[in-house]
Amino acid sequence: MKKPAYYGVYETFSNLFGYMPSQEQLVHYIQAVPLGGVLNVLSQITALPMNDKDTKNQFMRFLEGMFPKQHITNPISESDVIYSKQGLLAVWKWLLAHGNLAHLEKEVVIEDGTNMVLFINLIVSDYLHDDRVDKNNIKYELFSNAVFNTETEVGSSLARSILIFDLISSNPQNFHQNDYIDIHTPFQQTYGYSIKEYLSVIFALFAGFSKRANDGISRNWARPSDYFRDSPLAGIADSIIDELSMSFEEAREWSLSTIDQPWDYTKFRQKPILKLTNGNFFPINLQFLHEKVFSELYFKIRLAFPANNTQIISFYGKCFEKYVEILAEHSASESRIPYRFVPEFPYDINSKRSPDALVRLDNSMLAIEAKVYRLKMDSLIGGIDSIDVIEEDIERMAIKSIKQLHDRVKELIDRHHEAFDGIEKLYLISVTFGEFPSLKPFELKINEELQQYFKIPIEYHFHLDIEEFEILMELISRVKAKPVFRYLRTKNLQESTKYMPLKNYLLRGSFRPKRSIYIQNQLNDILDEFSRIVLP
């Protein structure tokens with residue numbers, strides 16, 4: 001069977017040697033490693049792309065030296081990847097749970113440390129497999145895997161957070177009078193710093209580790225406890241680092257309790273920094289630190305309000321809708337193609353409102369609806385244990401939102417609203433706050449249910465996460481861009497790309513996704529301001 005594009009198979013010990021070491025043997029190997037040095041290397045491997053040929057060949061030589069008389073069934077150089085993101089996080093759990101505390105201060109030669117991490121990962125990867133997975137439920141395992149391995153671009157996330165949670169949310173003129181609430185004062189009172197100060201510290205941490213990661217693995221990876229000592233935000237930065245950090249003891253206790261749950265890395269998401277007894281710290285996972293810039297900020301703001309406050313959830317939605325509207329308007333106006341942009345508008349005495357944005361060209365209309373939806377945590381960590389939750393999320397994020405969008409458009413057409421005069425081709429896009437994977441088994445189900453529901457002709461429908469939507473809006477604003485409807489139609493005409501995430505489709509087609517002029521300009525201003533806030 002041909003492997004689908006953008007899928008990879010990770011290497012395991014049993015695939016190479018034909019048997020699985022016992023967990024007791026795995027613990028024996030872990031007990032022998034210089035724990036402190038190996039954790040330092042593991043943190044860096046997690047932040048670096050190292051599945052290259054040289055790393056594979058180096059690791060192969062290590063294995064041949066470690067097992068000189070054992071036949072290696074499949075040469076490791078032929079595998080797709082020698083480690084996975086999930087595998088490395090599982091290595092964190094095993095090292096934290098069973099590492100020898102007497103070896104916590106021991107250093108390691110970088111190449112040796114790298115090979116030790118990859119070796120432990122090789123064994124741990126065999127334990128990631130769930131024997132209950134079969135052809136009938138494997139799609140749910142793929143669902144969790146696809147979400148788990150989605151990586152977003154930090155610059156765009158930062159600009160998006162500032163635009164939504166700072167600039168848009170702080171301007172009452174962006175909302176109807178009864179919709180506006182102040183999120184900034186409760187946030188400041190709860191945490192002792194502003195949203196902008198929080199984001200500036202997170203980004204400074206992420207940027208600092210990212211810059212060092214570009215230099216390759218080294219011993220000088222950890223940051224000292226007084227890393228922000230010369231910053232005007234020294235006290236605030238120390239407080240934020242404490243919030244994001246866990247001690248070795250806390251990490252060990254949690255890892256031991258969840259060692260047999262191969263998708264559960266919630267604690268690492270909540271506290272993505274490991275702080276050592278001397279105060280030095282480094283990231284458990286750099287991507288989880290990045291998530292604090294956007295997706296996790298949503299919850300941090302929510303916690304500044306009483307649990308029974310539903311107005312804040314509604315206000316989130318209004319901020320997100322406004323952001324999507326602004327992006328669509330800027331992209332349409334920047335394009336040389338004569339799009340007509342139509343913002344949201346009321347259309348009856350019951351205050352029903354149109355889609356959040358309409359983009360028209362000749363007889364074609366793109367109707368856009370924004371939903372501040374995210375996958376439930378069980379969908380992220382459950383795999384086949386969360387089949388019902390995943391199905392609920394599919395209905396909520398990819399089906400119900402398109403149905404609502406369809407109904408609004410149908411009502412406007414039935415009322416002969418002027419915005420739809422002469423429209424013959426309709427394209428529907430729902431935009432969600434959180435990512436939602438595109439996988440063929442689910443896309444077939446989504447399309448079948450929607451086609452049965454539609455009462456007006458719809459050319460194509462799409463569910464996009466916010467990063468995908470940003471990429472699409474940048475594409476249509478390019479100087480030499482073709483009409484957006486042509487891109488959407490072409491993607492869905494080909495079987496090989498129809499069920500592919502939009503981002504992967506654009507990468508495959510050499511469109512080179514990038515930030516829009518609007519987002520890039522915002523990011524430039526933000527980085528200039530953050531430099532003044534954080535740097536001495």
Side-chain angles (χ1 to χ4, degrees), residues 163-164 168-169 171-180 311 313-335 337-373 396-433 450 453-466 468-470 472-473 476-477 483-485 488 518:
L163 285 164
I164 295 175
I168 291 174
S169 69
N171 186 353
Q173 294 182 357
N174 286 325
F175 311 94
H176 298 290
Q177 185 175 359
N178 294 332
D179 291 334
Y180 176 76
Q311 188 182 7
I313 299 174
S314 176
F315 185 63
Y316 270 140
K318 299 297 182 184
C319 293
F320 186 61
E321 291 165 9
K322 189 66 179 178
Y323 176 67
V324 167
E325 177 188 312
I326 289 171
L327 280 182
E329 182 176 15
H330 274 273
S331 297
S333 63
E334 290 166 4
S335 175
I337 296 172
Y339 294 110
R340 178 189 170 195
F341 171 78
V342 181
E344 182 189 59
F345 57 85
Y347 64 88
D348 76 353
I349 57 175
N350 295 319
S351 300
K352 283 188 175 181
R353 305 191 69 80
S354 71
D356 294 317
L358 300 171
V359 178
R360 175 174 183 164
L361 180 64
D362 300 327
N363 66 348
S364 297
M365 177 75 85
L366 181 65
I368 303 164
E369 187 72 17
K371 294 294 183 184
V372 65
Y373 291 158
R396 181 173 56 96
M397 294 182 68
I399 296 176
K400 183 179 178 181
S401 55
I402 291 288
K403 286 181 178 179
Q404 179 184 321
L405 181 55
H406 161 274
D407 292 348
R408 292 291 178 265
V409 169
K410 182 180 183 300
E411 286 180 351
L412 289 165
I413 291 174
D414 290 345
R415 292 165 181 259
H416 304 288
H417 194 282
E418 61 181 10
F420 287 85
D421 286 348
I423 293 298
E424 298 176 3
K425 297 179 179 180
L426 288 166
Y427 296 72
L428 307 182
I429 290 182
S430 69
V431 185
T432 54
F433 186 88
L450 289 175
Y453 182 84
F454 289 158
K455 298 176 180 63
I456 55 175
I458 302 296
E459 289 289 308
Y460 297 106
H461 56 85
F462 301 86
H463 58 82
L464 305 179
D465 63 42
I466 186 57
E468 289 181 307
F469 182 72
E470 291 166 351
L472 180 64
M473 291 299 99
I476 72 175
S477 68
V484 63
F485 307 101
L488 298 176
Y518 172 69

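Side chains included, hydrogens not; waters and symmetry mates left out as well; all remaining heavy atoms used.
Counting only distance, with no hydrogens or angles, the side chain of Ser331 and the backbone of Ser477 share no donor-acceptor pair below 3.5 Å. Between the side chain of Arg340 and the main chain of Ala419, no donor-acceptor pair closer than 3.5 Å is present. His406 places a side-chain N or O within donor-acceptor distance of the main-chain N or O of Lys455, the cut-off being under 3.5 Å. Formation of a donor-acceptor pair under 3.5 Å by the Asp356 side chain with backbone atoms of Glu344 is not found in this model.
At least one side-chain heavy atom of Val324 sits less than 4.5 Å from a side-chain heavy atom of Val431. Here the side chains of Ile429 and Leu366 are in contact, with some heavy-atom distance below 4.5 Å. A heavy-atom distance below 4.5 Å is found between the side chains of Gln404 and Lys371. Two residues are said to be in side-chain contact when any heavy atoms from C-beta on lie closer than 4.5 Å; Glu325 and Glu321 fail this criterion. A heavy-atom distance below 4.5 Å is not found between the side chains of Phe341 and Ser333.
Within the model, atoms CG of Leu405 and CD1 of Ile458 stand 8.0 Å from one another, a figure rounded to the nearest 0.5 Å. Expressed to the nearest 0.5 Å, how far CG of Asp465 lies from CE of Met397 amounts to 8.0 Å. Here the straight-line distance linking atom CE of Met473 with atom NE2 of His330 works out to 13.0 Å at 0.5 Å rounding. The CZ atom of Phe469 sits 15.5 Å away from the NE2 atom of His463 when rounded to the nearest 0.5 Å. Annotation: the span from Lys403 atom NZ to His461 atom NE2 amounts to 11.5 Å, rounded to 0.5 Å. Taking CG from Leu412 and NZ from Lys352, the interatomic distance works out to 9.5 Å, rounded to the nearest 0.5 Å.
With hydrogens and angles left out, the side-chain atoms of Tyr339 and Glu329 include no donor and acceptor closer than 3.5 Å. For the residue pair Asn174 and Tyr323, no side-chain donor N or O sits within less than 3.5 Å of a side-chain acceptor on the partner.
Ring pair Phe175/Tyr180 is tilted by interplanar angle, where 30° to 60° counts as tilted. Between Tyr347 and Phe345, the ring-plane angle classifies as perpendicular under the 30° and 60° cut-offs. The aromatic rings of Phe433 and Phe320 stand perpendicular to each other, their planes meeting at an angle above 60°, with 30° marking the opposite boundary.
Cation-pi contact between Arg396 and Tyr373: present, with separation from the ring centre below 6.0 Å and deviation from the ring axis of at most 45°. Under a cutoff of 6.0 Å and an axis angle of 45°, Lys425 and Tyr427 do not form a cation-pi pair.
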